[in-house]
Amino acid sequence: MELLAFGKTGWGDELFYATLMTIAVSITAMLVGFFFALIFTPLKLSKYKTLNLVGNFYTTVIRGVPELLVIYLFFFGGSGAIMYVASIFGYYEYIEINAFITGSMAIGIISGAYSTEVFRGAIQSIDKGQFEAAKVLGINKFGQFYKIILPQMLRLAIPNLSNVWQITLKDTSLISVTGLVEIMRQSYIAAGSTRDPLFFYSFAAVLYLLLTYVSMKLINKLEIRYSRGY
Amino acid sequence: MDFDLMITSLPKLLGATLVTLKLLSASLFFGLFLGLFFAILRLNKNIFINKFAYGYSYIFRGTPLLVQIFIIYFGLGQIEYLRTTFLWVILKEPYWCAIIAFTLNTGAYTSEILRSAFQTIKPGIIEAGKSLGISNKVIFYKIQIPIAIRQSLPAYGNEIILMMKGTSLASTVTLMDLTGVAKYIISTTFKPIEVFIVAGGIYLFMTFIIHNVIKYLEKKYSFQQ
């Protein structure tokens with residue numbers, strides 16, 4: 001137990017901050033994912049074949065390629081791509097991107113592909129009459145989406161989004177390969193310096209279980225809130 | 001775009017694909033049996049057996065696969081007693097450690113898939129079997145299992161694809177699978193995009209094949225309800 005003490009003698013505080021880092025990366029990645037879903041869901045539902053193709057390309061590629069490979073692409077290719085863009089604007093210095101940004105972008109793009117599928121499914125399962133009724137009442141496009149479709153869609157999407165959240169949370173463990181100090185990386189460091197990998201990796205597993213357990217409880221509450229009236 | 005690199009790295013990556021396929025098929029094979037075993041335990045009425053099976057699937061579905069591999073590969077070697085037994089022959093090989101971790105992981109997901117498939121079987125079908133005087137054992141093997149397999153095909157197809165992506169984690173325990181070799185080529189040439197296109201293309205091709213095989217099986221074993 002003294003291995004987990006806070007302060008200089010133990011790894012308690014380090015692992016505590018690492019857990020906070022995991023939560024931070026997961027939330028950022030989830031939000032980045034929502035942003036991508038916001039772009040690609042309309043593309044997948046569009047009437048135009050070309051736009052459909054772009055949307056399908058995104059979700060198929062990301063969901064068919066291992067997460068680790070995507071992370072390596074971002075890790076090794078990220079700063080190169082940014083420097084290339086910067087060179088167009090006449091900036092030729094070396095740019096290094098922070099591991100947090102690379103990591104949450106990579107995981108965000110992955111979780112975005114899953115969120116896109118969830119939103120597409122949710123929108124498609126809303127009764128067509130709802131769209132027509134909104135149109136007939138003369139509500140503008142913006143109001144149609146935010147006041148009528150979105151609230152109904154969220155109720156259908158939340159159970160599946162909770163799955164996406166679980167996947168995202170577990171995927172953050174892969175960012176440890178880029179050196180960002182989250183639970184997995186911190187356990188690796190602790191295991192290396194104390195020569196006690198069994199204890200620290202098991203403890204990491206317990207931390208992840210705790211995170212998934214708590215987030216499930218919170219999401220269940222959200223689910224009840226959004227299914228009022230059903 | 002460096003097309004020469006793409007062409008020269010293709011044979012290396014294809015060779016590594018073999019490792020990925022070996023890992024995938026071995027872990028799916030063992031995982032299916034493990035999953036079936038735990039699904040049967042889940043259906044047991046004894047609360048302790050039931051809770052045990054639930055705990056297994058909860059733990060393996062609630063933690064990242066990476067943690068599971070690390071515990072098995074780095075962690076288990078720490079136990080002195082294990083080093084003296086015959087198990088050490090298996091546990092010192094990263095290849096077998098990866099297969100054990102993948103098997104336990106896919107077993108947990110498979111047990112959930114099969115359990116829900118067993119539970120959606122209409123009671124009328126089992127009752128019909130009973131009223132025809134068929135023994136419980138035969139009902140289970142000849143009626144429940146075939147229906148459950150058919151019911152769980154779509155979900156199991158997804159699980160196969162997830163597992164195929166999961167095998168990429170073998171590269172973290174020094175195995176040179178498709179992702180491992182891709183990472184090696186990227187870190188020596190610093191051409192991530194080209195390598196990503198080739199390696200990603202191979203993964204997508206495998207996903208495409210698995211997807212279509214499952215679709216074919218679903219069609220073949222579909223029955224009128």
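A note on names: the letters A, B, ... follow the listed sequences, proteins ahead of strands, and every chain is numbered from 1.
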Which bit of [X] is near chain A, if near means a heavy-atom gap under 4.5 Å: side chain, backbone, both or neither?
| X | result |
| --- | --- |
| B/Ile202 | neither |
| B/Leu169 | both |
| B/Ala199 | both |

Contact leader toward chain A among B/Leu162, B/Ile72, B/Ile186, where contacts are heavy-atom pairs under 4.5 Å: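 Of the candidates given, the most pairs with chain A belong to B/Ile186.
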
Rounded distance (nearest 0.5 Å) linking atom CG of A/Leu209 with atom CZ of B/Phe60: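 Interatomic distance, A/Leu209 CG to B/Phe60 CZ, rounded to 0.5 Å: 10.0 Å.
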
Distance (rounded to the nearest 0.5 Å) between A/Ile183 CD1 and B/Leu66 CG: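 Reported value, rounded in 0.5 Å steps: 12.0 Å.
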
Results of side-chain contact (heavy atoms from CB on, under 4.5 Å) for A/Phe203 - residues two or more places apart only: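 By the side-chain contact (heavy atoms from CB on, under 4.5 Å) rule, A/Phe203 matches A/Leu4, A/Leu15, A/Leu207.
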
Where B/Ile71 and A/Ala205 come nearest, the two heavy atoms and their spacing: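 In this case the closest contact between B/Ile71 and A/Ala205 is CD1-CB, 4.2 Å.
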
B/Ile47 CD1: over 12 foreign heavy atoms closer than 6.0 Å: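 Counting neighbours around CD1 of B/Ile47, 12 or fewer heavy atoms of other residues, nucleotides or ligands fall under 6.0 Å, so no.
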
Neighbour count >12 (heavy atoms, 6.0 Å) for atom CD1, B/Ile193: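 No, because the 6.0 Å sphere around CD1 of B/Ile193 holds 12 heavy atoms or fewer from other groups.
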
Within-4.5 Å side-chain heavy-atom neighbours: B/Phe196 and A/Val70: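 Side-chain contact under 4.5 Å: yes.
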
Pull every donor-acceptor pair under 3.5 angstrom between chain A and chain B and give the atom names with distances.
unit_1	atom_1	unit_2	atom_2	d
A/Arg63	O	B/Lys165	NZ	3.0
A/Gly64	O	B/Thr207	OG1	3.2
A/Tyr114	OH	B/Lys165	NZ	2.9
A/Lys170	NZ	B/Arg61	O	2.7
A/Lys170	NZ	B/Tyr109	OH	2.7
A/Asp196	OD1	B/Gln78	NE2	2.5
A/Leu198	N	B/Gln78	OE1	2.7

Contact origin within A/Ile71 toward chain B - heavy atom pairs under 4.5 Å: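 Contact with chain B is absent: no heavy atom of A/Ile71 under 4.5 Å.
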
For chain B, the option from A/Leu169, A/Leu198, A/Leu68, A/Val61 that forms the most heavy-atom pairs under 4.5 Å: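 Top count of heavy-atom pairs under 4.5 Å with chain B: A/Leu198.
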
